[in-house]
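One structure is given here, and the rest of the page talks about it.
On a predicted model such as this, the values are computed, not experimentally measured, just so you know. Heads up: numbering here begins at 1 and tracks the sequence. First listed ligand is number 1; within each ligand, the first listed atom is number 1.
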Amino acid sequence: MANRTFTIIKPDSVRKGNFGKIISRLESEGFRILGLKKVSLSTKQAQGFYAVHSERPFYPDLVKYMTSGPVYVAALEKEGAVPALRKLMGATDPSKADAGTIRKEFGESIEQNAIHGSDSDENAAIEIGFFFAESELL
Ligand code: CMP
């Protein structure tokens, strides 16, 4: 099982001062932070990152939201990292997320849902490569 995943601590989390609390949850669940950057996504970057959703009705708003303020992007390591992070995040819609999950605690709405996590090992590798060179992963 691959050991890496990728996360974005989204603009709503950064705005509300929840970055530290979310990173702390990740660390206490055993994720090692291989790389971490604070970035302001350009419209092009957000469109490219979420290109798989480009035909969905929520895509224009999603791009607007993801460029509305700085985010933190991080490459994480843990055994079975992809499913482990998805479990810790909870359902996309925070109102449907299980108690104790990050989205339940910090998410605002189905769009402003606090955190992104890769949905497969293949996408984790692509998403990490979007923001990090291998030499930046320590
Ligand atoms: P994420 O896991 O980053 O992947 C795609 C994002 O699109 C998702 O989190 C939400 O921020 C957003 N999203 C997914 N479904 C919807 C929806 N039905 N309405 C609005 N935004 C959505």
* Asked: Can you list the ligand 1 atoms lying under 4.0 Å from a non-hydrogen atom of H116?
  ->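 Once the distances to H116 are compared, the set is 1 (P), 2 (O), 3 (O).
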
* Asked: Judging by distance only, is a nitrogen or oxygen of E111 under 3.5 angstrom from one on ligand 1?
  ->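 Yes, there is a polar N/O contact under 3.5 Å.
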
* N/O donor-acceptor pair under 3.5 Å between Y59 side chain and Q47 backbone ->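 Yes; judged by distance alone, with no hydrogens or angles, the pair exists.
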
* Could you tell me whether the side chain of T7 and the main chain of H116 form a donor-acceptor pair under 3.5 Å? =>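 Looks like yes, one N/O pair under 3.5 Å.
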
* Give a yes or no on whether the ring-centroid distance for F131 and F6 is below 6.0 angstrom. =>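 Yes, the ring of F131 comes within the 6.0 Å limit of the ring of F6, centre to centre.
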
Closest candidate by heavy atom, reference [atom], pool [options]:
atom: atom 20 (C) of ligand 1; options: Y59, F58, F49; result: F58
atom: atom 8 (C) of ligand 1; options: V52, N113, D12; result: N113
atom: atom 2 (O) of ligand 1; options: M89, R103, Q112, E108; result: R103

Which residue and atom name correspond to the protein heavy atom nearest [atom], and how close is it?
atom: atom 19 (N) of ligand 1; result: I110 CG2, 3.5 Å
atom: atom 4 (O) of ligand 1; result: Y50 CE2, 3.6 Å
atom: atom 9 (O) of ligand 1; result: K10 NZ, 3.0 Å

* **Basic-acidic side-chain contact under 4.0 Å: K21, E105** =>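 Salt bridge: no.
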
* Measure from NZ or CZ of K10 to the centre of the six-membered ring of Y65, then state whether that distance is under 6.0 Å and the direction lies within 45° of the axis. =>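 No, K10 and Y65 do not form such a contact.
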
* salt bridge (charged side-chain N to carboxylate O under 4.0 Å, His left out) evaluation trace for K37 with E136 -> CA-CA 10 Å; K37 291 179 187 176; E136 293 177 297; 3.3 Å; yes

* How does R56 reach ligand 1, by side chain, by backbone, by both or by neither, if only non-hydrogen atoms under 4.0 Å count? ->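 Neither; no heavy atom under 4.0 Å.
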
* For P11 against G69, the heavy-atom pair lying closest together ->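 The answer is CG-O, 3.8 Å.
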
